[in-house]
Amino acid sequence: MRLSLLVAALSLSLFQTTQAINGGIMRKLEQMAEMGLNPDGSPMDIPIEMQLSSLTAVDSTPAPPSTTDQRVQNIVPEYVELPLDHFAKGGDYSYAGTFNNRFWVSETAYKPGAPVFIYDVGEADAEPGALNRLQNQTSFFKQIVDRYNGIGIVWEHRFYGNSTPEPINLNTPSEVFEFLTTEQSLADVDSFAKQFSRPNINYTLTPDKTPWVFIGGSYPAMRAAFMRDKYPDTIYASFASSAPVEASVDMSFYFDPIPRGMVRYGFGNCSSDIHAAIKSIDKTLESPRAAAKLKERFLGLGAATNDNAEFADALTTIFYQWQSYGIEGGSRGLRNFCDYLETDPATNTVAGAEGWAKKKGAQYVVDRWAQWENFVPMVNAYLETSCSGKKNVTGSCDLGKTFTDPAAISWTWQYCTQWGYFQSANLGPNQIVSKYNSLQHQHDICHRQFPTGLPEWPRVHRTNAVFGGWVLRPSNVYWSGGEFDPWRTLSPLSGEPFAPRVRTFTAPPMCGEEQSQGEIFGYTIANAQHCYDFRLVGQTAPGGEVSRKFFTDALTGWLGCWKGKGKGRRGAREWKA
């Protein structure tokens, strides 16, 4: 696929979904950011304050796929047949049946004995970014596969993209999702690896003879750690970037890193004004008549029919791009919003450090927010609705729809059953989300989507008991995170007051060496958000290159210790990259 077509496909798919903030739409934003692109497909600009080091590649124009090897151009989707239920009693898989799981393979760099690298896409259709990760010279995954002369695999998670037992849509009964669990999806990878081969490679590629390395960011990063923990004979080493392995129903603290980051980036006036505006809006919403007028001021005629919680969802859309872009993100990013909010149109003066609310009052900020030209188009795009934004035109402004995007439907099942991650209002001195975005509202979103089949609340205690949560420490795993990444709050690298205190270190541990609960092999990238170390182009943080090197230094050493069944010890020199 040509890069221009890839960008168009990603951009189109991005704005054809409605989703809670923690859903499949975030994965699509991450795919765009990893390619150095804004959500609209334009190259990311690099602000001067981000140009702090030459450690990071900063070419904002994505390179085209390599044409030096014709096999690169012939990568096609492949499928493996897998049981829907890997844990059937007595090993009888016939009652549940099978499905076909999709994957893509690049062999162009391969030399016999080199590792197999698997990139897990997670909770999204894998196709839009698959060829980019395997072919594009600016893809971190391609670079690491080439560096170690390995085989690269892009893997699609069950129940996403074309790896579904049945079509996923609003008519799919909840019973179909019985086997959509993290446990089953991990077993998919294990089963696939044990039967993997290539017709034109005369070398055993299964994990007993070839080391497998799992790479993932966000939910796939969790899976990277879980695979090494649960299937150490299959996955020899893992890179877990931004992995929130602790399941939690309440994730109101998702929003806490945002104002901290805004202050660091010089936008403390904006975060203060958003806080003041939200407090004022919450007060106004207590009066039904005033609430109706406020909703129409922001979204136009027809918006008053939405309840306060649904209106709160619309207000929260200004933060949707934070985890992937930080303060950036093009026309709908926070930089654009804050530059608008903090500039007085009458005098063209910019607010001081305290913002406008203290000087002009919170209502001034509320009115400015309601008039931001990008707000209504952003709400319509993210929440799949048609608010008019006009006081004399009635729109079809329904903010409480069920999710229609297949990836959003599948991820909703996963977080509503196993993981929680309910991103409700961060009440307190740094509140930036309306109080009406409550835990109960997040609960109701789950049960609106699936009226039957869900537990009353996600079974997070069971999830943490199964996977380990905070204290997960498998060997041969490198952990990374961004300082202002909302998902770091539930990672072992978390700096939140409620998280366990751990000591991070970056000197590679010995092969097979596990860490205690009080320490971890990992690195927090300063001034960064989500999965920034997977990016080689566009706006990023200099620490991304540093983080990647911590992993490759460790991986080179670990590969030097690898022993396959029936093989002797491999010398470190053989694996020197």
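In this text, all values refer to a predicted model and were calculated from it rather than measured experimentally. All heavy atoms count here, side chains included; hydrogens, waters and symmetry mates do not.
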task: Answer whether the closest heavy-atom distance between the side chains of Arg102 and Asp125 falls below 4.5 Å.
output: yes
query: Between OG1 of Thr412 and CZ of Phe450, what distance do you get to the nearest 0.5 Å?
result: 6.0 Å
query: More than 12 non-hydrogen atoms from neighbouring residues, nucleotides or ligands closer than 6.0 Å to CD on Glu373, yes or no?
result: no
task: Taking Ser185 for its side chain and Thr182 for its backbone only, find out whether a donor-acceptor pair lies under 3.5 Å.
output: yes
message: Ring centres under 6.0 Å, that's the criterion: do Phe498 and Phe253 meet it?
response: yes
field: Contact summary for Pro167 and Thr172, nearest pair of heavy atoms
entry: O-OG1, 2.8 Å
query: With Gln414, which residues qualify under side-chain hydrogen bond (donor to acceptor under 3.5 Å, both in side chains), at least two apart?
result: Tyr160, Tyr219
- request: Taking atom types as modelled, find out whether Glu156 and Ser163 have a side-chain donor-acceptor pair closer than 3.5 angstrom.
  value: yes
query: Taking the inter-plane angle between the rings of Tyr119 and Phe534 on a 0 to 90° scale, is it parallel (under 30°), tilted (30 to 60°) or perpendicular (over 60°)?
result: tilted
message: If I compare all heavy atoms of Pro377 with all of Arg332, which pair ends up nearest, and what's the gap?
response: CB-NH2, 3.5 Å
message: Taking the cut-offs as 6.0 angstrom to the six-membered ring centre and 45 degrees off its axis, would you call Arg335 and Phe267 a cation-pi pair?
response: no
CD1-OG1 distance between Ile409 and Thr404, expressed to the nearest 0.5 angstrom: 6.5 Å
message: Evaluate His157 against Arg223 for side chain to side chain contact (heavy atoms under 4.5 Å, CB included), listing each step before the verdict.
response: CA-CA 10 Å; His157 193 293; Arg223 288 161 49 74; 3.5 Å; yes
message: So which atom in Pro39 and which in Met32 form the shortest heavy-atom distance, rounded to 0.1 Å?
response: O-CE, 3.9 Å
task: Could you check if a side-chain atom of Asp250 sits within less than 4.5 angstrom of a side-chain atom of Ser424, using non-hydrogen atoms only?
output: yes
message: Applying side chain to side chain contact (heavy atoms under 4.5 Å, CB included) to Phe467 and Trp419, what does each step give before you reach the verdict?
response: CA-CA 11 Å; Phe467 293 109; Trp419 294 102; 4.0 Å; yes
query: Are Leu334 and Tyr325 side-chain neighbours, meaning at least one heavy-atom pair lies under 4.5 Å?
result: no
Show me the donor-acceptor pairs, under 3.5 Å and distance only, between side chains in residues 283-293 and residues at least two apart or in other chains.
from   : atom 1 : to     : atom 2 : distance (Å)
Thr284 : OG1    : Ser280 : O      : 3.1
Glu286 : OE2    : Lys435 : NZ     : 3.0
Ser287 : OG     : Ala290 : N      : 3.4

query: Do side-chain atoms of Tyr320 reach the backbone of Met378 as a donor and acceptor pair under 3.5 angstrom?
result: no
message: Please check: side-chain N/O of Thr138 versus main-chain N/O of Leu536, any donor-acceptor pairing under 3.5 Å?
response: no
field: Minimal non-hydrogen separation, Pro455 against Cys416, with atom names
entry: CG-O, 3.9 Å
- prompt: So, does Asp273 use its side chain to make a donor-acceptor pair with the main chain of Ala357 at under 3.5 Å?
  reply: yes
field: Basic-acidic side-chain contact under 4.0 Å: Glu34, Arg133
entry: yes
Where Gly300 and Ser388 come nearest, the two heavy atoms and their spacing: CA-OG, 3.8 Å
- prompt: Is the backbone N or O of Ala247 less than 3.5 Å from a side-chain atom of Asn464, with the two atoms forming a donor-acceptor pair by type?
  reply: yes
field: Worked verdict on Glu483 versus Arg260 for salt bridge (Lys or Arg N to Asp or Glu O under 4.0 Å)
entry: CA-CA 10 Å; Glu483 181 181 7; Arg260 295 199 295 261; over 6 Å; no
- line: Rounded to the nearest 0.5 Å, the OH atom of Tyr532 sits from the CG atom of Asp485 at a distance of 9.0 Å
His461 NE2: over 12 foreign heavy atoms closer than 6.0 Å: no
message: I'd like to know whether CG of Asn348 has more than 12 heavy-atom contacts from other residues, nucleotides or ligands below 6.0 angstrom.
response: no
- prompt: Backbone N or O of Trp413 within a donor-acceptor pair of the Thr417 side chain at under 3.5 Å?
  reply: yes
- prompt: When you look at Leu454 and His447, which way does the side chain to side chain contact (heavy atoms under 4.5 Å, CB included) test go after all the steps?
  reply: CA-CA 7 Å; Leu454 292 180; His447 291 271; 3.9 Å; yes
task: Look only at the side chain of Gln371 and the backbone of Arg368, and say whether a donor-acceptor pair between them is shorter than 3.5 Å.
output: no
query: Are any of the side-chain heavy atoms of Tyr340 and Phe375 separated by less than 4.5 Å?
result: no
message: With rounding to the nearest 0.5 angstrom, report the NE2 to CZ distance, His443 to Phe422.
response: 7.0 Å
query: Would you find a donor on one side and an acceptor on the other, under 3.5 Å apart, between the side chain of Ser174 and the backbone of Thr452?
result: yes
- request: Taking the side chain as every heavy atom from C-beta outward, state whether Phe177 and Phe159 have any atom pair closer than 4.5 Å.
  value: yes
message: Under a plain distance cut-off of 3.5 Å, with no hydrogens placed, do Tyr382 and Gln321 share a side-chain donor-acceptor pair?
response: yes
field: Non-hydrogen atoms of Tyr415 and Cys446 that approach each other most closely
entry: CE1-SG, 3.8 Å
query: Taking atom CG of Asp405 and atom OG of Ser410, what is their separation to the nearest 0.5 Å?
result: 9.0 Å
query: Are any non-hydrogen side-chain atoms of Trp322 and Phe255 less than 4.5 angstrom apart?
result: no
Identified side chain to side chain donor-acceptor pair (under 3.5 Å) counterpart of Gln431 within the set Asn426, Asp282, Asp256: Asp282
message: If we ignore hydrogens and angles and just use 3.5 Å, is the side chain of Asn437 paired with the main-chain N or O of Gln423 as donor and acceptor?
response: yes
message: Donor-acceptor pair, distance only, cut-off 3.5 Å: does the side chain of Asn306 make one with the backbone of Leu399?
response: yes
- line: Between the CH2 atom in Trp487 and the OG atom in Ser494, the distance rounded to the nearest 0.5 Å is 13.0 Å
task: Mind telling me whether Phe311 and Phe298 have parallel, tilted or perpendicular rings, with 30° and 60° as the class edges?
output: perpendicular
- request: For the pair Asp533 and Phe239, evaluate side chain to side chain contact (heavy atoms under 4.5 Å, CB included) and give the outcome as yes or no after the intermediate values.
  value: CA-CA 11 Å; Asp533 44 8; Phe239 187 159; 3.5 Å; yes
message: Does any part of the side chain of Pro492, heavy atoms only, come nearer than 4.5 Å to the side chain of Leu472, both counted from C-beta?
response: no
message: Can you confirm whether Leu299 sits close enough to Lys295 that some side-chain heavy atom of one is under 4.5 Å from a side-chain heavy atom of the other?
response: no
field: Over 12 foreign heavy atoms within 6.0 Å of NZ, Lys279
entry: no
